[in-house]
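One structure below.
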Amino acid sequence: MAAKTTRGRNRGKPSSNSRGKSGATVSKPVASKPPRSKPASKTVRSKQPRLNKPKPKKTAPSSVRRKLQKAVTTICKRMLWRAGQLFLLLVVLTSVLTAALWQFLPSRQQVLDADRGLIMVMEKRGNRLDMVDVARNLRLPGVNMPDKLKEAFLAIEDRRFNYHFGIDPISIATNIVRGLQGRRMGGGSTITQQLAKNLFLSSERTLWRKVKEMVLAFKLEHYFTKERILEMYLNNVYFGDNTYGVETASRQFFSKRTPDLNIYEMALLAGAVKGPNRYHIRRHPKAAASRGKVVLQAMVRSGYIEADEMESAIAGGIQKGSRKLQSISYQWLRDWIVPDLLVQLGSYEGRVRVFTTLNTEYQTYAEIAINRYLRKYKNRKTSQAALVSIAADGAVRAMVGGVDYSQSQLNRTLVNRQPASAFKPFVFLAGLEAGLDENSVVEDGPITIDGWSPRNNDDIYMGKMSLTEALSKSRNTVAAALYQYVGHEAMADLLHRLGVYGPIPENPSMALGTWEIPLLYLSNMYRTIANGGARVEPYGFMGIIDSLGNIISWREPEEPEYAVGMEMAAQLNKMLQRVVSKGTGKKAAFGDLPVAGKTGTSQGNRDALFIGYSDILATGVWMGNDNNSPMDGVGGSSAPALIWRYFMANCHDSLYE
């Protein structure tokens, strides 16, 4: 029993006893040992693998810290919200201010007007309007400006001109940073902003002027292309000594036209703009040369020229020409417009800028022509001459009232003189309105009207001829017959429609131009025919602004008023072209351009005229003597026609308008 008990207790465990001879396994009882007690001083090591201890959890912030974080977050949110509100408010205010100023700043047409003519600075005190200054300015179309000249100005004045919208945010930000760093600010104005200031605004350093300048720059960018803005800028930029525009400066400093400048001279002009007095090309040549090199280096950095081109330009230096800047006699036009200026100014007192219609280049040609031919005819008892030229809208582009304003201030374009045969076209026009046409057959023969029997200058009667031929040969008898045919009332009505004010003398001899009319208004009657029958009023200034750039008065474009039917004007135009091509006005012809006009010679050669027009200008020329004494054989087909041709040919061949 004991053995069974032992086997059952050790079932499944191998025995350590050796087998007996019989092969049976004998199990020896194993004595159980009590567990050994561990010494109290020793630590029992764990036989399990060592594990990484978990990181202790962060303790939650204290209540003070939580409150501080919450307060900071709240403040930041409020600041961001306030900043957003402020930015939105700023955008709204800027938009409102821009919209408001947009209406009051110059319009597109006003900018174009300001870019066209001579600018006078005048001062009004009571009923007096005195001249203060006059800007010397020759204008040049952008297509005639050298590309390198444009690039010189872009490189040094506004290298991001082609990419900004009137103001340069990058330049503005750079200036702000400079200011915060305590460095000198400046140079943030774009070419568009400079143009806005040069044309209309003052040079005062105020925030309000800067705001107006920026808004006007936006308008300029809205109305004009970049090319047109750059052209206007280069025609109005200031170079000191009352010299405005690159063409004027080119004549003033280098005695040559702008297209003839070399790269070094272009760099000198571009460099002078920053300080017209400091970098004056004549007075401070060393400073100007140093500044010019800065411009050339800027052109190299911008990729407009290569480094070797810069060195060649510097080595070439200035090469002066022979086209010097000539002074002009603007006083004739000034005296003519002063009464109207006083009316427009009303009670205003102070200094103003007057934008006149005078084209200084045309004025130069007019003065040269008159002086040249008066010298040629000085032995022909001729002492005076006058010229006036009118654009399609009535703007007077040139006005020469005499030989020398310093010797005589009489404006002979405003003096009543006999127009002679230069009046005949309007008698023929009355005949067209009465039912005749350019091919109607008329009789060149003896005629008597109320005891008056006119004769032709050659004392010859040519018989039947067309109306066109009769005008081209200036037949007196035909003009008298036409006057009789249409009647005085129809003739007077036509003249009133053409802008002749006051009573018209009821005298048949007026058909030959025996009544008197100023050259200005007779020339404007020709302007009506050139306009296809649309009559305009001649005027000498576009607008007036005060010293702060506020517009006091500006001329609004007028709707055309047709004084003559277009068909009638077209027929008379063809007849007047025949006068120049095959008639008495042959000496006025030039080139292949179709021009029209008429000669006029009063009795005894006391007045000699040629009045005509092209597609851009209607021009009248008068020669004679102030005491009404006869000249020695000078007629409208001689010197006046030659003066007219010189003036008109140069205006058409000119680089201007």
Side-chain angles (χ1 to χ4, degrees), residues 366 369-370 372-374 376-377 380-389 400 412-413 415-428 454-458 469-476 478-479 509-527 529-530 572 575-590 595-614 617-626 628-649:
I370 283 178
R372 173 178 295 183
Y373 286 98
L374 276 178
K376 286 187 176 182
Y377 283 77
R380 306 282 290 274
K381 297 180 180 179
T382 305
S383 61
Q384 283 294 347
L387 181 150
V388 64
S389 191
V400 182
R412 292 155 188 86
T413 68
V415 174
N416 281 321
R417 301 296 293 235
Q418 287 188 3
S421 295
F423 177 72
K424 286 179 184 174
F426 304 101
V427 181
F428 280 65
R455 298 183 305 170
N456 292 316
N457 293 332
D458 54 10
E469 186 179 3
L471 182 59
S472 68
K473 296 183 183 300
S474 197
R475 309 313 287 172
N476 289 342
V478 175
S509 67
M510 73 172 294
L512 307 186
T514 58
W515 69 301
E516 296 181 339
I517 184 173
L519 180 67
L520 172 65
Y521 298 104
L522 181 62
S523 301
N524 199 53
M525 291 166 66
Y526 278 76
R527 177 74 264 175
I529 306 305
L572 183 58
M575 295 164 69
L576 289 171
Q577 287 181 2
R578 175 74 176 269
V579 173
V580 176
S581 63
K582 296 184 178 180
T584 58
K586 286 182 180 179
K587 290 183 179 179
F590 63 91
V595 296
K598 184 68 182 74
T599 58
T601 308
S602 67
Q603 190 173 11
N605 296 88
R606 288 175 169 82
D607 302 281
L609 305 94
F610 187 89
I611 306 176
Y613 53 83
S614 67
L617 294 170
T619 303
V621 177
W622 168 88
M623 291 185 74
N625 298 302
D626 289 338
N628 207 31
S629 61
M631 296 177 286
D632 186 6
V634 178
S637 61
S638 59
L642 295 173
I643 291 173
W644 189 93
R645 182 180 69 181
Y646 179 93
F647 171 77
M648 295 291 283

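The nearest pair of heavy atoms linking V427 to A511 is CG2-O, 3.7 Å. Here the closest heavy-atom approach between residue S602 and residue A420 is recorded as N-CB, 3.5 Å. Heavy-atom minimum distance, N625 versus S383: OD1-OG, 2.7 Å. Smallest separation of non-hydrogen atoms from P419 and F423: CG-CB, 3.8 Å. The two atoms that bring N476 and S421 nearest to each other are OD1-OG, 4.3 Å, heavy atoms only. The nearest pair of heavy atoms linking Y646 to A369 is CD2-CB, 3.4 Å.
Inter-residue side-chain proximity for F610 and I643 is flagged as unmet; no heavy-atom pair is nearer than 4.5 Å. Counting only heavy atoms from C-beta outward, the side chains of V415 and W622 never approach each other to under 4.5 Å. With contacts defined as side-chain heavy-atom distances shorter than 4.5 Å, the pair K381/N605 does not qualify. Two residues are said to be in side-chain contact when any heavy atoms from C-beta on lie closer than 4.5 Å; S472 and K582 fail this criterion. By the 4.5 Å heavy-atom criterion applied to side chains, M623 and L374 are counted as neighbours. Counting heavy atoms from C-beta on, the side chains of M648 and V595 never come closer than 4.5 Å. Side-chain contact check for P425 versus L572: some heavy-atom pair is nearer than 4.5 Å.
Put simply, the side chain of T413 never gets that close to the backbone of L519: no donor and acceptor are under 3.5 Å apart. Although no hydrogens or angles enter the test, the distance criterion places no donor-acceptor pair under 3.5 Å between the side chain of W644 and the main chain of V621. Remark: the backbone N or O of V634 is not paired with any side-chain donor or acceptor of S638 at under 3.5 angstrom.
In this structure, the separation between OG1 on T601 and CD on Q418 is 11.5 Å, given to the nearest 0.5 Å.
Of the candidates L609, V580, L471, I611, K598 forms a side-chain contact (heavy atoms from CB on, under 4.5 Å) with just one, namely L471.
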Discussion item. Set out, in order, the CA-CA distance, both residues' side-chain angles and the distance that settles side-chain contact (heavy atoms from CB on, under 4.5 Å) for L617 and F647, then state yes or no.
Written reply: CA-CA 11 Å; L617 294 170; F647 171 77; 4.3 Å; yes
Practice prompt. Evaluate side-chain contact (heavy atoms from CB on, under 4.5 Å) for T382 paired with Y373, printing each intermediate quantity in order.
Written response: CA-CA 10 Å; T382 305; Y373 286 98; over 6 Å; no
Fill in: Stepwise salt bridge (charged side-chain N to carboxylate O under 4.0 Å, His left out) test for D458 and R475
CA-CA 9 Å; D458 54 10; R475 309 313 287 172; 3.2 Å; yes
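Looking only at atom types and distance, the side chain of S474 has a donor-acceptor partner in the side chain of K424 under 3.5 Å away. For the residue pair S637 / K586, no side-chain donor-acceptor distance below 3.5 Å is found, with atom types taken as modelled.
Applying the side-chain hydrogen bond (donor to acceptor under 3.5 Å, both in side chains) test to pairs two or more places apart or on separate chains, those with a residue in residues 513-526 are S509-T514.
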